[in-house]
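A short worksheet on the structure shown next.
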Amino acid sequence: MNIKIEKLVKQFAKLPRVGNRAATRIVIDLLQDKTGRAENLANTLLDVSKSVHPCPNCGVLTDCEICEYCSDPARKNGQLCIVRDLSDVLVLEKSGVFHGCYHVLGGNLSGVSGITPDDLNIANIKDRIQNENISEIIFALPNTVEGKTTQQYIIASIGDTNISFSELASGVPLGGDLDYIDDGTLTLAFGGRKKL
Ligand SMILES: [Zn+2]
């Protein structure tokens with residue numbers, strides 16, 4: 001393969017769930033296209049990546065000062081759902097199961113990968129509880145060792161409060177990402193959430 005094309009394939013192959021074969025197909029498809037899709041993709045990617053930033057309050061990516069969820073008064077219902085990343089927010093929004101505010105950690109604690117609390121968006125959760133009158137925290141983190149460790153760390157760091165903590169009920173596949181779950185299962189897992 002041409003060395004430049006190979007370089008491009010390697011970039012695409014690094015994307016989540018895109019293996020080398022799919023990356024090769026995408027690149028060939030884009031390069032053979034005569035309608036300017038490659039250029040449009042490059043320009044849009046550059047434009048969006050330059051204009052979005054994590055919301056300073058919750059970590060959701062936005063191109064506004066404060067994200068659409070944090071600036072919506074109807075969402076100030078005392079519920080805060082803690083998720084690993086933006087894709088989890090999008091899945092929950094699509095399912096329509098949750099109407100409160102989100103907090104995006106940007107990962108999970110991991111001894112193996114060397115991810116510490118300082119690497120994650122954890123520090124301001126306590127401030128949010130106070131400022132936004134949060135009464136319930138719902139953990140929608142992966143059902144993995146890392147997810148559980150992160151959950152326990154956050155509960156311990158919040159300390160003794162009157163907050164009600166809960167986690168999604170069983171039905172969420174072990175180690176599975178939220179976006180692998182169908183809306184029905186997610187609704188059940190959310191509705192039947194377990195108190196901690
Ligand atoms: Zn926000």
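Remember, it's 1-based here, ligands and their atoms both numbered in the order they're listed.
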*Side chain Asp29, main chain Arg25, donor-acceptor under 3.5 Å*: no
*Would you please test Glu132 and Asn57 for side chain to side chain donor-acceptor pair (under 3.5 Å) and show each step?*
CA-CA 11 Å; Glu132 299 172 44; Asn57 197 43; 3.0 Å; yes
*Which pair of non-hydrogen atoms, one from Ile82 and one from Leu141, has the smallest distance, and what is that distance?*
O-CD2, 3.8 Å
*Apply side-chain contact (heavy atoms from CB on, under 4.5 Å) to Thr62 and list each qualifying residue two or more places apart in sequence or on a separate chain.*
His53, Cys55, Cys64, Cys67
*Please report the closest heavy-atom contact between Leu92 and Ser95, naming both atoms and the distance.*
O-OG, 2.8 Å
*Sort by chain and number the protein N/O/S atoms found under 2.8 Å from the Zn ion (ligand 1).*
Cys55 SG, Cys58 SG, Cys67 SG, Cys70 SG
*How far apart are the closest heavy atoms of Met1 and Val9, and which atoms are they?*
SD-CG2, 4.0 Å
